[in-house]
2 protein chains.
Amino acid sequence: MAASTRETIIQLGDDLLRKDGFNAFSYADISKPLGVKNAAVHYHFPSKQDLAETIALWHVDVFERFVQKTASKQPIDRLRTFLNFYHSIHLSGKVCIIGAFATDWHSLNPKVHAKVQAFTESVVSWLSDLVQEGRDLGQIHSKHNPRTTALRILTSIFAATQLARITGDDDFSLVKNSLLDELSN
Amino acid sequence: MAASTRETIIQLGDDLLRKDGFNAFSYADISKPLGVKNAAVHYHFPSKQDLAETIALWHVDVFERFVQKTASKQPIDRLRTFLNFYHSIHLSGKVCIIGAFATDWHSLNPKVHAKVQAFTESVVSWLSDLVQEGRDLGQIHSKHNPRTTALRILTSIFAATQLARITGDDDFSLVKNSLLDELSN
DNA sequence: GTCTATATTCCGATAGAC
DNA sequence: GTCTATCGGAATATAGAC
């Protein structure tokens, strides 16, 4: 099925947000590829905050599907899939949405904050469960409590998508591979 | 000694850059506290890119002094001081300059990029040396190569300054303390 | 050398056309 | 329901006053 205008706007907005940052793009950057005037975007998303909120909700959806699709995998394989997903983010020239929202935090209103918080907490929670399960099964090695390990995985890999812009692709791989090496039993 | 106007601009610019992001502040935000018109800032820094470049160079200076001041410490204590420095960044409501520049990367010109790359490489290099030395002295425990461990420390702690905006202060401490726990022998 | 008045462009947003 | 013409304001930057 063809993507609706609304869906296309969300996609373009998400790309711009994660490539350039919330304050670096305008509605004109979204309307131009669509072949309409910038004001047309305001019909679908009255304010830029509304768009940001919808982008956050879209990530909730995507992650929910990711969770379901990987639910039957072994914990260590879920981790591998998670890290591969971040690798694709890096290769596409974007950064993780969590870091993008975090550095633009003070430009976003409370409604956006709430959605981003819910999304982030769901990722941390999912990772914590993965670590706990993996440890119970003897697949994952970690001396910290599950949430702490989850935070260490998440911070390292999402910062790697940022750092690699500065220091190069190799450093992304070093971070990614070291996480797997370290956590695998 | 009283800070020069130029120095004050750099300070204000750095604060705004790390609190709100490069595209979220204007010269008016800098000129207002100084009691002058926004155009006055252009005399000191003709373009915003010039200001960004100078901010990057300022961080090179600060880090150089940090390195010298901590040179006589034991590796594990240097690490502790480094992580405490990031704690103060977090408490002041800012994020690490590396992450701030990284998410705004495509808004910055090649001259800024070069300065940020030099700064970042000096931090990674310093951390790598610290890890290597610490391991030789039996103070630091790490199964990866020094650069990889350095990258894991840096990514985790700078992302923690970002993540904690979303999930709260506790998570910053969890990351920070787990790094020390894990690396200390 | 330092700052102000001003130009130009672009931004987010509203009102209203179709 | 969808998009355009347009507004008010803010952004970066230049030219020139003091």
Side-chain angles (χ1 to χ4, degrees), chain A residues 1-56 100-101 103-113 115, chain B residues 1-56 100-101 103-113 115:
Chain A
M1 62 175 185
S4 70
T5 301
R6 184 188 159 85
E7 280 163 352
T8 307
I9 291 171
I10 297 169
Q11 294 299 332
L12 288 168
D14 178 56
D15 271 24
L16 289 162
L17 175 56
R18 292 195 281 154
K19 275 185 180 143
D20 303 336
F22 182 71
N23 293 296
F25 76 88
S26 72
Y27 272 25
D29 296 318
I30 291 172
S31 65
K32 237 176 263 172
L34 289 169
V36 292
K37 300 291 166 184
N38 63 41
V41 180
H42 283 280
Y43 164 69
H44 299 279
F45 300 95
S47 84
K48 214 177 166 188
Q49 300 288 333
D50 295 324
L51 176 57
E53 196 180 339
T54 305
I55 290 171
F101 274 131
T103 52
D104 287 331
W105 196 244
H106 302 303
S107 299
L108 301 162
N109 73 16
K111 287 174 80 176
V112 181
H113 286 178
K115 307 297 183 296
Chain B
M1 63 174 182
S4 70
T5 301
R6 183 189 160 85
E7 281 163 351
T8 308
I9 291 172
I10 296 169
Q11 294 300 332
L12 287 168
D14 177 57
D15 271 23
L16 289 162
L17 175 56
R18 291 195 283 153
K19 274 184 179 140
D20 302 336
F22 181 71
N23 292 296
F25 76 89
S26 72
Y27 272 23
D29 296 318
I30 291 173
S31 65
K32 237 175 262 172
L34 289 169
V36 293
K37 301 290 168 186
N38 62 45
V41 180
H42 283 280
Y43 163 68
H44 299 278
F45 300 95
S47 85
K48 213 177 166 187
Q49 300 287 333
D50 294 324
L51 176 57
E53 195 180 340
T54 305
I55 290 171
F101 274 131
T103 52
D104 287 331
W105 196 245
H106 301 301
S107 298
L108 302 162
N109 73 17
K111 286 174 81 176
V112 181
H113 286 178
K115 306 297 183 298

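- Taking 4.5 Å as the limit, some side-chain heavy atom of A:Arg6 sits within range of a side-chain heavy atom of A:Thr54.
- Distances were taken from every side-chain heavy atom of B:Val36 (C-beta onward) to each of D:dT14, C:dC3, C:dG12; the shortest belongs to C:dC3.
- For A:Ile30 and C:dC11, the CD1 to C1' distance is 13 Å, given to the nearest whole Å.
- When each of D:dC3, D:dA11, C:dG12 is scored by its nearest atom to the side-chain atoms of B:Ala28, the top-ranked nucleotide is D:dA11.
- For the 3.5 Å distance criterion, the side chains of A:Ser47 and A:Asp50 qualify, holding a donor opposite an acceptor.
- Comparing C:dA13, C:dC3, D:dA13 by their nearest atom to the side chain of A:His42 picks out C:dA13.
- Panel note: side chain B:His113, backbone B:Leu108; a donor-acceptor pair is recorded below 3.5 Å.
- The main-chain N or O of A:Val112 is never found under 3.5 Å from a side-chain atom of A:Glu53 such that the two would form a donor-acceptor pair.
- At the heavy-atom level, B:Phe45 lies nowhere under 4.0 Å from the strands shown.
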- How does protein reach along nucleotides 5-10 of chain C, written 5' to 3' as B (base within reach of a heavy atom under 4.0 Å), S (only sugar-phosphate), or - (no contact)? B-----

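- Annotation: cation-pi pair A:Lys37/A:Tyr27 absent, no NZ/CZ under 6.0 Å from the ring centroid and within 45° of its normal.
- Between A:Thr103 and B:Asp20, the closest side-chain pair of non-hydrogen atoms is not below 4.5 Å.
- Distances shorter than 4.0 Å separate none of the side-chain N or O atoms of B:Tyr43 from OP1 or OP2 on C:dC3.
- Summarising the geometry, the separation between NE2 on A:His44 and C1' on C:dG12 is reported as 16 Å, rounded to the nearest angstrom.
- As rounded to whole Å, 18 Å separates atom P of C:dC3 from atom NZ of B:Lys32.
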